[in-house]
Each structure stands twice: as C-alpha cells, then as structure tokens.
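In what follows, a structure is listed as structure tokens, so that the remarks can point back to it.
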Amino acid sequence: MRMIAVSVACILAASVPAQAQRVPTSVDPGTNIDWSFEQRHTARYQSGPMTLTFQGRPDAESPDLINPVLRVEIPGVAPVEATGSLTPPSVEHRATVGQWDADRPYVLFQSFSGGAHCCNEVQLILPEDGRLQVVDLGEWDGDYFDELPTDRDGDGNPDFIFVDNAFLYAFASYAESFAPPQIMNVVGGRPVNVSDRPGFRPIFEQAMADARQACLHPEDSSPNGACAAYVASAARVGRFDEAWAEMLRAYDRNTDWPQPGGCRAALVDYQCPDGQEITFDNYPDALRYFLAENGYIER
C-alpha cells in the first residue's frame with residue numbers, strides 16, 4: 001500500500017504546474033481530447049463555448065486506481081461534473097465537443113473500464129431546459145467513437161450506434177458471438193432505444209447480411225452466435241420468417257454451450273428466485289424466447 005501511495009504522489013508531482021492549468025488549451029470542436037491521469041493530473045481545454053477540465057480522483061479503497069472526472073462549463077449556466085470508469089492512471093479517457101443542434105453544443109465523454117471485452121462508458125453533457133445535464137448512455141462493448149455521431153434517419157437527432165450487448169456470450173463464446181446494432185437517441189434528456197424505426201433499415205440490412213454469411217457458412221466455429229444476430233436483424237427489417245427458416249437448417253444441434261433462459265418473477269439481487277427459472281433444452285426455443293424478451297419479436 002505504501003508503494004502505491006508513493007507512486008500516485010510521484011504522478012501528482014510530475015503534473016503540469018497549477019499556473020499553467022489556468023489557461024485552457026484551445027481545441028477545435030470535433031477534435032478528440034484523450035487524457036490520462038498519468039500524463040497530466042489536471043488539464044483544461046477550451047472548445048467552442050465550452051471549457052473542459054479533466055482531473056483524477058484516487059479511489060479511497062484502491063489508491064492505485066482513479067476516477068476520471070470531467071468538469072464542463074459554459075457561459076450563463078452552472079457547471080457540471082461527469083465521472084468516468086475507475087481505472088489505472090495510465091488509461092486514456094476521451095472527450096469531444098460537438099454541435100447538438102443549431103443552438104446547442106454538447107460534450108461526448110467516453111471512459112473505458114478496461115478488461116478483455118468491456119466496457120466503454122458513454123455520457124453526454126448537454127444543455128437542456130436552461131441547464132447542463134449529464135445523460136448516461138450506458139456501458140457498451142467496443143472501442144471509443146472516433147467520430148461524433150450523425151443523424152442517420154433524418155429526424156434531426158444524432159444517432160448513437162452501438163451493438164446489443166445482450167447477444168454477447170448468450171449463444172456462443174465472445175469470439176463466436178455476433179450482435180445486431182442497437183441505436184440510441186436522447187429524447188427529453190433521456191436515452192431511448194430507437195432501433196425499430198424504419199429509417200435505420202439500411203443499417204440492419206447490412207448487419208443481417210454479415211451475420212447470415214457466418215450463420216450459413218461458419219468457418220471452424222459454431223454458427224449459433226451468428227444465427228441469433230441474423231434472425232434479430234432480419235426481424236428489424238420484416239424478414240424474420242425467412243431468416244428463421246434458414247436458421248433452423250443451419251444451427252449447431254450438438255453445441256455444449258448452455259442455452260439462455262428466463263425468469264417468471266422479478267429478479268432479486270440479479271438472481272431469479274428458486275423455482276421461477278425458465279429453462280430450454282434446445283436452441284430454437286431459447287432463441288425465440290430471447291428475441292421476445294429483448295424486443296425483437298412479439299411473443
């Protein structure tokens with residue numbers, strides 16, 4: 001513990017002097033700002049009308065880890081702070097200033113938690129109803145956005161395109177899993193899943209084609225992860241029955257991967273109460289239940 005404390009102290013001593021921190025570094029909107037506590041304890045940036053200040057707060061229980069804290073200021077409203085994932089000091093976190101609409105800038109704050117496959121924690125700092133609001137878009141598998149989201153369906157809202165994390169490990173290992181797109185909007189300051197809107201059909205058609213290839217023509221792996229994503233994307237574009245028939249001919253009947261189930265009652269501490277479990281002994285039944293539970297088809 002003592003060695004850890006000394007390490008953090010050394011990082012603080014090596015940070016940029018406080019006087020220099022009072023002058024923000026100018027950054028053009030749309031430019032990704034990658035910051036780590038190890039590089040600079042505190043760093044300030046000016047991008048358009050917004051001032052962004054990164055700093056790290058060592059964790060009380062694990063002083064070798066820090067929480068990245070992003071403070072956002074804009075003239076005329078109270079500043080806010082957003083806290084990212086608890087990580088080692090060397091991990092880089094990202095902020096980017098964009099234009100939400102004609103009148104409002106915003107900040108996209110991305111913070112990677114570390115680990116083999118997860119997670120990118122995504123938050124927005126957005127002027128809403130006369131104040132800055134922090135909107136939590138959740139944690140997602142995948143890398144940081146390199147470019148700001150755009151309006152893909154023409155409704156005037158930026159579309160955040162993720163993948164549906166529920167499919168990862170559900171029917172196969174991570175390496176063999178496919179996941180259909182999941183598209184989020186922010187409406188009234190809240191994240192909303194808008195994946196079923198007709199304007200996103202081209203996105204799901206491409207995902208359907210990619211997953212279909214791996215479902216029908218797997219290479220040295222089980223097709224079940226790909227087949228699940230194939231029928232899910234097909235359901236989004238009104239081609240579920242066609243895809244389901246192909247899946248029934250292609251799926252791996254000899255897999256030893258456990259089928260996902262369900263629960264007849266509300267979870268208690270993330271666990272299904274005894275006697276309320278729903279189990280399946282075959283892939284098609286488990287997949288149909290899974291798709292209904294996750295909003296791809298009706299029961």
Are any side-chain N or O atoms of [X] and backbone N or O atoms of [Y], one a donor and one an acceptor, separated by less than 3.5 Å?
| X | Y | answer |
| --- | --- | --- |
| Ser111 | Ser85 | yes |
| Asp159 | Arg152 | yes |
| Glu176 | Asn224 | no |
| Ser90 | Glu38 | no |
| Ser62 | Asp64 | no |
| Asp241 | Ala245 | no |
| Glu139 | Val122 | no |
| Asn185 | Val194 | no |
| Asp34 | Glu92 | no |
| Gln46 | Gly48 | yes |

Would the number of heavy atoms belonging to other residues, nucleotides or ligands and lying under 6.0 Å from [atom1] of [X] be above 12?
| X | atom1 | answer |
| --- | --- | --- |
| Arg239 | CZ | no |
| Arg253 | CZ | yes |
| Asp274 | CG | no |

Determine, stepwise, if the pair Arg71 / Glu73 fulfils side-chain contact (heavy atoms from CB on, under 4.5 Å). CA-CA 7 Å; Arg71 178 183 175 90; Glu73 302 169 75; 3.7 Å; yes
Non-hydrogen atoms of [X] and [Y] that approach each other most closely:
| X | Y | value |
| --- | --- | --- |
| Leu291 | Ala232 | CD2-CB, 3.8 Å |
| Ala95 | Leu52 | CB-CD2, 3.8 Å |
| Pro260 | Ala286 | O-CB, 3.7 Å |
| Pro180 | Ala229 | CD-CB, 4.0 Å |
| Ala250 | Leu216 | CB-CD2, 3.7 Å |
| Pro105 | Ile74 | CG-CD1, 3.8 Å |

Euclidean distance, [Y] [atom2] relative to [X] [atom1], rounded to 0.5 Å:
| X | Y | atom1 | atom2 | answer |
| --- | --- | --- | --- | --- |
| Met208 | Gln213 | CE | CD | 13.0 Å |
| Asp153 | Ile183 | CG | CD1 | 8.0 Å |
| Gln55 | Arg44 | CD | CZ | 11.0 Å |
| Cys119 | Phe112 | SG | CZ | 7.5 Å |
| Glu121 | Tyr144 | CD | OH | 9.5 Å |

Under the 6.0 Å and 45° cation-pi test, does Arg288 pair with Trp244?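 Pair Arg288/Trp244 counts as cation-pi.
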So, for Phe178 and Tyr230, is the gap between ring centers shorter than 6.0 Å?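 They do not qualify: ring centres at least 6.0 Å apart.
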Using the side-chain contact (heavy atoms from CB on, under 4.5 Å) criterion, which residues pair with Pro223? Sequence neighbours excluded.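 For Pro223 the side-chain contact (heavy atoms from CB on, under 4.5 Å) partners, ignoring immediate neighbours, are Pro218, Cys227, Asp252.
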Look at the aromatic rings of [X] and [Y] and report parallel, tilted or perpendicular, splitting at 30° and 60°.
| X | Y | value |
| --- | --- | --- |
| Trp35 | His93 | tilted |
| Phe160 | Phe145 | perpendicular |
| Trp100 | Tyr106 | perpendicular |

Could you walk me through whether Gln123 and Asp136 pass the side-chain hydrogen bond (donor to acceptor under 3.5 Å, both in side chains) check? CA-CA 5 Å; Gln123 299 176 73; Asp136 185 1; 5.8 Å; no
Go through it in stages, so that I can follow the logic: the residues are Met50 and Val72, the test is side-chain contact (heavy atoms from CB on, under 4.5 Å), and I'd like the CA-CA distance, side-chain angles, deciding distance and then a yes or no. CA-CA 7 Å; Met50 287 185 157; Val72 178; 4.2 Å; yes
Residue that, paired with Tyr296, satisfies ring-ring contact (aromatic ring centres under 6.0 Å, His included) out of Phe240, Phe167, Phe290: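 Among Phe240, Phe167, Phe290, the one meeting ring-ring contact (aromatic ring centres under 6.0 Å, His included) with Tyr296 is Phe167.
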State plainly whether one hydrophobic cluster holds both [X] and [Y], where clusters connect Ile, Leu, Val, Met, Phe, Trp and Tyr through side-chain heavy atoms under 4.5 angstrom apart.
| X | Y | value |
| --- | --- | --- |
| Val163 | Phe200 | no |
| Ile161 | Leu137 | no |
| Val91 | Leu86 | no |
| Val192 | Phe162 | no |
| Val27 | Phe54 | yes |

Listed partners of Asp196 passing side chain to side chain donor-acceptor pair (under 3.5 Å), at least two apart: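 Partners of Asp196 under the side chain to side chain donor-acceptor pair (under 3.5 Å) test: none.
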Please test Asn32 against Thr96 for side-chain hydrogen bond (donor to acceptor under 3.5 Å, both in side chains), starting from the C-alpha separation and ending with a verdict. CA-CA 5 Å; Asn32 295 323; Thr96 315; 2.7 Å; yes
Met184/Asn193 under side-chain contact (heavy atoms from CB on, under 4.5 Å): CA gap, chis, key distance, verdict: CA-CA 5 Å; Met184 306 294 291; Asn193 185 346; 3.9 Å; yes
